[in-house]
Amino acid sequence: MSFATRYGFVVAALVALSSNAASQSANTLPFAVGERLVYEGRVRGIGGRGTMWIAGPVDVRGVPTYELHFDFFARVGPLSVSQKSISWLDPARMAALRFEKRERHLLVRREESVELFPDEQRWRARNGDVGESPTSAPLDELSFIYFVRTLALTSDSTLRFARHFDADRSPTLVRMLGREQLSTPAGSFNAVVVEMRVRDPQHYKGEGTIRFSISDDRCRVPVRIESNIPDAGTVVLTLADAGTDTLCSARIARR
């Protein structure tokens, strides 16, 4: 197969994946309101705890949204690392309408609060910053994780998405690295290993990398997450509790 033919297949697949993911109904998504995932975490050798959960539905400017949460906290003596993110996601369009984030890393503190206007392809931050979005289905860094869970990735595929609400932080590259059998405190999983490369000149001085191991079933649960927090170091989260499996039709295998 020639490079041009192979490249054409990749582009066609990317277009199909993007269209399918954007048009999914909330009933076909691998996550729903009530999902709660608890993680054991480590950063700089410090033990911590992370939680991802979905509340709602919550009305945002007349649109029913999933309220996505991510919290992480670790402390040793006077040293602590914490991160709290909330994204309000329209599950019908897979478009974020609002995003908030608070970080405390040793001596560094950051806050971000953004209103997203998908139909107008623009955003406005609480600090007065404004900008254009490259898409009418924008995502933030938290909702992007849930978006990746909807993708049907194939071996050694690399997909390019101009979906971050801030055009300066697009595109995002998503690559499937392979498969693995992963043992966690929540059980043993067959997982797909995915790498996501995010442009963020302000925080990462160029590009940030997040690596996921996602359960290879219809639940698509992130069972391991490895990412770099600026000024804090690499954070590794391993699934400790996925709750009662009532939110998708697949049974999570535990051994």
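We number each residue from 1, following the sequence as shown.
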note = All heavy atoms of A96 vs all of S143, minimum pair found to be CB-OG, 3.9 Å
T234-E226 side chain donor-acceptor pair, cut-off 3.5 Å = no
note = For P118 and L116, the nearest pair of non-hydrogen atoms, with its separation, is CD-O, 3.4 Å
key: With sequence neighbours excluded, residues passing side chain to side chain contact (heavy atoms under 4.5 Å, CB included) with P64   = P57
message = Just so I know, are the side chains of L237 and M52 near enough to count as touching, which here means a heavy-atom distance under 4.5 Å?
response = no
ILVMFWY cluster, L182 and V193 together (side-chain gap under 4.5 Å) = no
task = Would you please name every residue forming a salt bridge (Lys or Arg N to Asp or Glu O under 4.0 Å) with D59, sequence neighbours left out?
result = none
inquiry  = Which residues pass the side chain to side chain contact (heavy atoms under 4.5 Å, CB included) test with A167, not counting sequence neighbours?
reply    = P134
query = Do E120 and R61 meet the salt-bridge criterion of a basic N to acidic O distance under 4.0 Å?
reply = no
ask   = Between the main-chain N or O of F189 and the side-chain N or O of S215, is there a donor-acceptor pair closer than 3.5 Å?
value = no
message = I'd like to know if R110 pairs up with E103 as an ion pair, taking the criterion as any Lys NZ or Arg NE/NH1/NH2 lying under 4.0 Å from an Asp or Glu carboxylate oxygen.
response = yes
key: pair D119-R93: side-chain heavy atoms closer than 4.5 Å   = yes
task = Answer yes or no: is there an ion pair linking R224 with E180, defined by an N-O contact shorter than 4.0 Å?
result = no
request  = In plain terms, say whether E195 and R197 are close enough for a salt bridge, that is, a side-chain N and a carboxylate O under 4.0 Å apart.
outcome  = yes
Backbone of L151 reached by a side-chain donor or acceptor of R220 within 3.5 Å = yes
Aromatic plane relationship, F99 with F165 - under 30° parallel, 30 to 60° tilted, over 60° perpendicular = tilted
query = Counting only heavy atoms not in E132, do more than 12 sit closer than 6.0 Å to its CD atom?
reply = no
inquiry  = When you measure from the side chain of S82 to the backbone of F73, do you find a donor-acceptor pair of N or O atoms at a distance under 3.5 Å?
reply    = no
key: Backbone of V38 reached by a side-chain donor or acceptor of R49 within 3.5 Å   = no
query = Is the distance between the ring centroids of F161 and F147 less than 6.0 Å?
reply = yes
message = Quick check: do Y66 and E35 have side-chain heavy atoms less than 4.5 Å from each other?
response = no
